[in-house]
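Protein chains get the first letters and strands the later ones, always in sequence-line order, with residue 1 at the start of each.
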2 protein chains.
Amino acid sequence: MSYPVFAVTVDLVVLTVREGRLHVLLVRRGCEPFLGRWALPGGFVRADEDLAAAARRELAEETGLDGPGGHLEQLASYGAPERDPRGRVVTVAYLALLPDLPVPTAGTDAAEAEWRPVGRLDLAFDHDRILADGLERARSKLEYTPLAAAFCPPAFTIAALRQVYEAVWGESLDPRNFHRKVTSTPGFVSPTGGTTEGEPGRPARLYRRGDATLLNPPLLRRKALDDRSE
Amino acid sequence: MSYPVFAVTVDLVVLTVREGRLHVLLVRRGCEPFLGRWALPGGFVRADEDLAAAARRELAEETGLDGPGGHLEQLASYGAPERDPRGRVVTVAYLALLPDLPVPTAGTDAAEAEWRPVGRLDLAFDHDRILADGLERARSKLEYTPLAAAFCPPAFTIAALRQVYEAVWGESLDPRNFHRKVTSTPGFVSPTGGTTEGEPGRPARLYRRGDATLLNPPLLRRKALDDRSE
DNA sequence: GCAATAGTGTCTTTAAGACAGTATTGG
DNA sequence: CCAATACTGTCTTAAAGACACTATTGC
């Protein structure tokens, strides 16, 4: 039995929160097709490489990050016949959530890499759609997992965690109710014992990620957007 | 720039509820590798075919179903280098939820097709893992979407819908509280006007799917299992 | 009548939303 | 002292859990 051949790529939706806004990592394409256009970072899966390994490799190449901290998960796959003019290419998209780190622009494939606030972007290929799916995934994951901490450094304040929610959801939350919810949900965060110093106002206690993987009950947005099927 | 070539398949986790238990559609493999072993239905994506179209085609081929009713969504992709002894094959798994229909065993690829209660199965390739991921997806989707109705015929009773939840989650729910929740959530179900006939006990009103896509607030399991990252 | 299943009402408990008030820093 | 931010407590409200009760059929 014979079958068609495909190329397989991984593309990354890399998100971070900086200056109170949600940003996505983009690269300017240095080769055809879509030369000069902005796109999600990504590349071909190698001959003997697992999909997740390819995603981790690309992430490390683009951001210089490889250790723990942050979060990487598979998002979805895209394989419309005309999505890449070079031929039949299926891409497996991954979603990465990272603390706000300076990005070493010295990526290997990309001419330039840059954090851009999410919004109306006009990306190469079907990357606008992939980004939209990644954003919706990130927004809904904050509801029922403690993953917001992936956007924070190892030790963070409750206020910083709340600002992550506010940036990702685009709505403001009551600091007092948020504090109560986070600290009273077992395994969401655990105190490090330290506090902030040198900030205006009363010093805040520092926390690290807890060991819970699921929030029960969840922390719901007011207006949940539609999810996407098929 | 050269890059490795892959074959791309779609595999289907097709679920239904029959006799109060959750069942998955399996086929016995009629060719190597894993000849004679049970596996998820699936096949190669054609040269000019979208991934979702391939999934719909395979579903139609295996179940004879093609119209509306039921639900089909992308689940995840699997591409470990050694997952298929024939070479580098990436599979895009889809999850289908169907009402309990007789399956015409005259599938094209498969020697036999059969509904099997979910549980300890020993499937070909990495299909045990794919099935486990599909089950977890189905379980969690019932929490925050009205998708349970995809397991039901076009008109159904609240009790039938509850039995779907009980089969998929493996726990029993209070019929009265369930009734209140379902009928008071806007867009979950809408009455057809009809009732059951000839059943023991008081006739039950019939409902069809509502137009909501999200349940807010959700209908939570007691014990949510871990989700799976990366 | 009785068994069976459908559907309603009510009380309790949990947790979210709103928001007053207290605590601890820097200036 | 005041401004600023962190944190606690209280009241109200929404909604789940438990469960008594009524409704409508077949026998």
Side-chain angles (χ1 to χ4, degrees), chain A residues 20 142-144 146 148 152 155-166 169 171-208 212 214-224, chain B residues 20 142-144 146 148 152 155-166 169 171-208 212 214-224:
Chain A
L142 291 211
E143 294 193 320
Y144 55 93
C152 298
F156 52 87
T157 65
I158 301 293
L161 193 65
R162 175 171 48 81
Q163 283 151 18
V164 166
Y165 275 89
E166 293 177 332
W169 286 353
E171 64 184 60
S172 57
L173 300 172
D174 184 288
R176 299 158 296 185
N177 292 338
F178 183 83
H179 192 283
R180 166 162 48 90
K181 172 70 179 176
V182 171
T183 53
S184 71
T185 300
F188 198 160
V189 296
S190 67
T192 66
T195 63
T196 54
E197 287 175 26
E199 302 289 321
R202 171 176 169 176
R205 286 196 272 256
L206 292 172
Y207 295 83
R208 68 175 76 87
L214 233 51
L215 258 36
N216 202 326
L219 180 52
L220 296 172
R221 292 175 272 184
R222 289 190 191 283
K223 307 201 310 176
Chain B
L142 290 210
E143 294 193 319
Y144 56 91
C152 296
F156 53 87
T157 65
I158 301 293
L161 193 65
R162 175 172 46 83
Q163 283 153 17
V164 166
Y165 275 89
E166 292 177 334
W169 286 353
E171 64 185 58
S172 56
L173 300 173
D174 185 287
R176 298 157 298 186
N177 292 337
F178 183 83
H179 192 284
R180 165 161 52 88
K181 171 72 179 175
V182 170
T183 53
S184 71
T185 300
F188 198 159
V189 296
S190 67
T192 66
T195 63
T196 55
E197 287 175 26
E199 301 289 321
R202 171 176 170 176
R205 285 197 271 257
L206 292 171
Y207 295 83
R208 68 174 75 86
L214 233 53
L215 257 37
N216 200 325
L219 181 53
L220 297 171
R221 290 175 273 185
R222 288 189 191 283
K223 307 201 310 178

Over how many whole Å does the gap from [X] atom [atom1] to [N] atom [atom2] extend?
X: B/Glu171; N: D/dA18; atom1: CD; atom2: C1'; result: 16 Å
X: B/Asp174; N: C/dA6; atom1: CG; atom2: P; result: 13 Å
X: A/Glu199; N: C/dG27; atom1: CD; atom2: P; result: 11 Å
X: A/Phe178; N: D/dA6; atom1: CZ; atom2: P; result: 12 Å
X: B/Leu215; N: D/dA15; atom1: CG; atom2: P; result: 12 Å
X: B/Leu206; N: C/dG7; atom1: CG; atom2: C1'; result: 14 Å
X: B/Tyr144; N: D/dA15; atom1: OH; atom2: P; result: 20 Å
X: B/Tyr207; N: C/dA6; atom1: OH; atom2: P; result: 11 Å

- prompt: Mapping B/Arg180 and B/Ile158 to their closest nucleotides on DNA chain C, which lands nearer the 5' end?
  reply: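 Upstream on the strand: B/Ile158.
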- prompt: With nearest nucleotides of DNA chain C determined for A/Arg202 and A/Asn177 from heavy-atom distances, which residue corresponds to the more 5′ nucleotide?
  reply: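 Checking each residue's closest nucleotide, the 5'-ward one belongs to A/Asn177.
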task: Between A/Arg176 and B/Arg176, name the one whose nearest nucleotide on DNA chain D is closer to the 5' end.
output: A/Arg176
statement: Nearest-nucleotide check on DNA chain D, B/Pro203 vs B/Leu220; residue mapping nearer the 5' end is B/Leu220
Check the phosphate of [N] against [X], side-chain N and O only, distance under 4.0 Å to OP1 or OP2. Yes or no?
X: A/Arg205; N: D/dT8; result: yes
X: B/His179; N: C/dT8; result: yes
X: A/Lys181; N: C/dA16; result: yes

task: Please tell me which of the listed nucleotides, C/dG21, C/dA6, C/dT5, lies nearest to the side chain of B/Pro200?
output: C/dT5
Pair A/Tyr165 and A/Phe178, ring centroids less than 6.0 Å apart: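 For A/Tyr165 and A/Phe178, the ring centres are under 6.0 Å apart.
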message: Are B/Leu220 and B/Tyr144 packed together at the side-chain level, in the sense that at least one heavy-atom pair is separated by less than 4.5 angstrom?
response: no
- prompt: Is the closest side-chain heavy-atom distance between A/His179 and A/Thr183 below 4.5 Å?
  reply: yes
- prompt: What's the verdict on side-chain contact (heavy atoms from CB on, under 4.5 Å) for A/Val189 and A/Arg208, showing C-alpha distance, side-chain angles and the deciding distance?
  reply: CA-CA 6 Å; A/Val189 296; A/Arg208 68 175 76 87; over 6 Å; no
field: Check ion pair A/Glu143-A/Arg221 (N to O, under 4.0 angstrom)
entry: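 Salt bridge between A/Glu143 and A/Arg221, a charged N being under 4.0 Å from a carboxylate O: yes.
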